[in-house]
Amino acid sequence: MRVFSATLATETNTFAPMPTGLAGFKERGYYKAGQHPDHMSFFAGPLWAARLRGKAQGWELVEGMVAAAQPSGTTTRAAYEALRDELLADLQAALPVDMVLLGLHGAMVADGYDDCEGDLLLRVRAIVGPQVVVGAELDPHNHLSEAMVQNADVLIAFKEYPHTDILERALELVDLCQAKAEGRVQPRAAVADTGGLVVIHTSRQPARGFVDRIQTLEGKDSILSISISHGFPWGDVPDMGTKVLVYSDARVDADGARGAALARQLADELTALRHELEVPMPGIDQALDEALAFDGGPVVLADGADNPGGGAPGDSTFILQRLLERGIGNACIGPLWDPVAARIAFEAGAGATLNLRIGGKIGPLSGAPLDLRVTVQAVQPELMMTGLADTPTAMGDSAVVRCQGVDILLCSLRNQAMGSDVFTNIGVDLAAKKIIVVKSSQHFYASFSKLAKKVIYVAAPGAVTVDLKTLPYRKIRRPKWPID
């Protein structure tokens with residue numbers, strides 16, 4: 001079997017201040033055809049799974065371009081069209097193929113393209129024709145569109161949030177696409193829209209039980225696969241929202257009635273659970289009060305509003321400012337993206353004391369820059385962090401500076417906190433801290449929950465605000481809960 005695999009992925013916050021250009025892809029992960037390294041990268045799960053399956057079965061695997069960018073603002077037209085056309089040229093050069101396996105996000109928006117994945121899949125289908133199997137792995141925070149579903153034979157989203165099951169879902173995608181190519185199944189898609197946005201943290205109930213249950217339904221009664229598209233609230237596009245995608249086997253479910261009924265049932269269940277699935281989110285001072293009142297530690301505070309994984313800059317100072325104003329020590333915060341401050345501290349070196357302007361660089365939603373007298377605790381060239389599914393993640397030259405008992409991790413590459421080793425690899429003793437503030441919405445949980453005695457999700461200001469009613473939507477379909 002001859003298989004082609006490639007990746008083009010980013011998550012677009014259409015309200016974020018910084019556009020996503022080619023530099024954003026080359027900074028996080030860009031590999032020309034055939035140059036992907038010998039480890040799995042975050043959105044190249046299908047390629048890695050194809051390597052694993054293909055080696056055992058003697059497939060001829062043609063590896064195209066792999067490009068992924070840190071979530072940010074709208075992708076420039078030039079960047080999207082250049083990368084899209086590079087991927088399509090790689091595919092054209094690989095023909096003929098039996099399968100196309102793509103690593104996508106599902107919420108990529110570019111200037112002139114509200115549905116980048118739908119556009120890409122349409123063009124892929126035009127190149128390979130109706131007989132070649134086309135499959136893609138998606139992030140569940142996607143905008144599931146009709147164009148995506150119509151032009152792919154199989155779409156499978158990660159089930160876990162935090163996304164710890166990237167490889168498992170990629171292997172599921174490859175296996176289902178192979179079964180389709182060999183005529184053993186005939187996937188038929190059914191989509192049901194909840195009409196709203198539902199928070200689904202699989203680290204807690206009732207979301208944990210819901211996801212466990214849908215996995216028990218797969219492989220029974222003609223049901224091949226179930227994916228939940230959580231939706232990405234910070235993408236102002238017509239297809240934004242929480243949806244359920246079910247694939248049934250058309251050889252058994254000839255009219256698609258079983259798949260459609262199950263998709264509708266699960267969507268209605270999610271709607272009924274929406275209030276129970278909501279995560280308590282106190283304001284900054286209430287969250288700090290709760291952390292201080294808690295007997296023991298460390299207590300992890302999640303600053304999701306400044307989550308780089310949702311397109312925020314990662315340089316906001318709102319929580320840091322209150323820690324300092326209230327004289328709360330024995331705390332750490334990060335990773336705070338400030339290439340200028342990181343470089344100054346890095347050059348000064350461990351032990352140096354200096355005046356440093358920190359954070360608040362990008363705009364009003366980053367807060368005010370803080371002028372602090374700090375001592376450099378440690379510096380680390382090319383700091384690395386363990387990302388989701390054990391994918392290595394670069395933070396660039398980094399430094400830890402201390403002010404009034406608060407350790408501030410400054411990084412030169414923008415990434416959210418995922419592995420706790422983002423702190424420990426530069427010498428921060430997390431176990432000894434009372435409070436750990438992480439720039440992340442939920443992906444931190446898989447690692448930090450192993451040491452945290454309590455986790456608090458904070459409703460702070462930022463580009464990934466949880467107060468969706470404050471966002472100036474123009475394109476989404478209304479009404480949509482909880483915005484309306």
Distance-only, no hydrogens or angles: does the [X] side chain make a donor-acceptor pair with backbone N or O of [Y] under 3.5 Å?
| X | Y | result |
| --- | --- | --- |
| Arg28 | Ala69 | yes |
| Arg414 | Pro71 | yes |
| Asn425 | Met384 | yes |

Open item on the list: Please report the interatomic distance CD1(Ile436) to CG(Leu409), rounded to the nearest 0.5 Å.
Closed with: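 Answer for the CD1-CG pair, Ile436 versus Leu409, is 12.0 Å.
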Decide whether [X] and [Y] meet the rule of one side-chain donor and one side-chain acceptor closer than 3.5 Å.
| X | Y | value |
| --- | --- | --- |
| Asp236 | Thr14 | no |
| Ser145 | Asp115 | yes |
| Gln380 | Ser398 | no |
| His105 | Asn142 | no |
| Asn307 | Ser440 | no |
| Ser420 | Ser447 | yes |

State, to 0.1 Å, how close [X] and [Y] come at their nearest heavy-atom pair, and which atoms those are.
| X | Y | result |
| --- | --- | --- |
| Glu137 | Leu173 | N-CD2, 3.6 Å |
| Thr12 | Thr74 | CG2-CA, 3.5 Å |
| Thr10 | Gln70 | OG1-O, 3.5 Å |

Out of the candidates [options], only one should pair with [X] under the side chain to side chain contact (heavy atoms under 4.5 Å, CB included) rule; please name it.
| X | options | value |
| --- | --- | --- |
| Ile228 | Leu270, Val198, Thr202 | Leu270 |
| Ser225 | Val185, Ile156, Val154 | Ile156 |
| Val437 | Leu323, Val299, Val406, Leu320 | Leu323 |

Any salt bridge between [X] and [Y], counting N to O under 4.0 Å?
| X | Y | result |
| --- | --- | --- |
| Asp165 | Arg169 | yes |
| Arg188 | Asp249 | no |
| Lys159 | Glu218 | yes |
| Asp407 | Lys433 | yes |

Open item on the list: Are more than 12 heavy atoms, taken from residues, nucleotides or ligands other than Asp175, located less than 6.0 Å from that residue's CG atom?
Closed with: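 Yes - once you tally the heavy atoms of other residues, nucleotides and ligands closer than 6.0 Å, there are more than 12.
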Task: Steps toward salt bridge (charged side-chain N to carboxylate O under 4.0 Å, His left out) verdict (Asp306, Lys439) - done: CA-CA 6 Å; Asp306 193 36; Lys439 300 284 187 176; 2.8 Å; yes
Task: 4.5 Å side-chain heavy-atom contact, Leu262 and Arg258 - done: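 No, side chains not in contact.
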Open item on the list: Between Leu288 and Arg326, is there a side-chain heavy-atom distance shorter than 4.5 Å?
Closed with: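 Yes, side chains in contact.
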Open item on the list: The test is salt bridge (charged side-chain N to carboxylate O under 4.0 Å, His left out); show your working for Asp268 and Arg264 and say whether it passes.
Closed with: CA-CA 6 Å; Asp268 290 344; Arg264 185 69 265 160; 3.0 Å; yes
Task: Within the 6.0 Å centroid threshold, strictly below: Trp234 and His141 - done: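 They do not qualify: ring centres at least 6.0 Å apart.
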- [ ] Classify the ring geometry between Tyr161 and His201 as parallel (under 30°), tilted (30 to 60°) or perpendicular (over 60°).
- [x]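 Aromatic pair Tyr161/His201 classed perpendicular.
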TODO: Please work out which of the three classes, parallel, tilted or perpendicular, describes the rings of Trp48 and His36, given edges at 30° and 60°.
DONE: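 Aromatic pair His36/Trp48 classed tilted.
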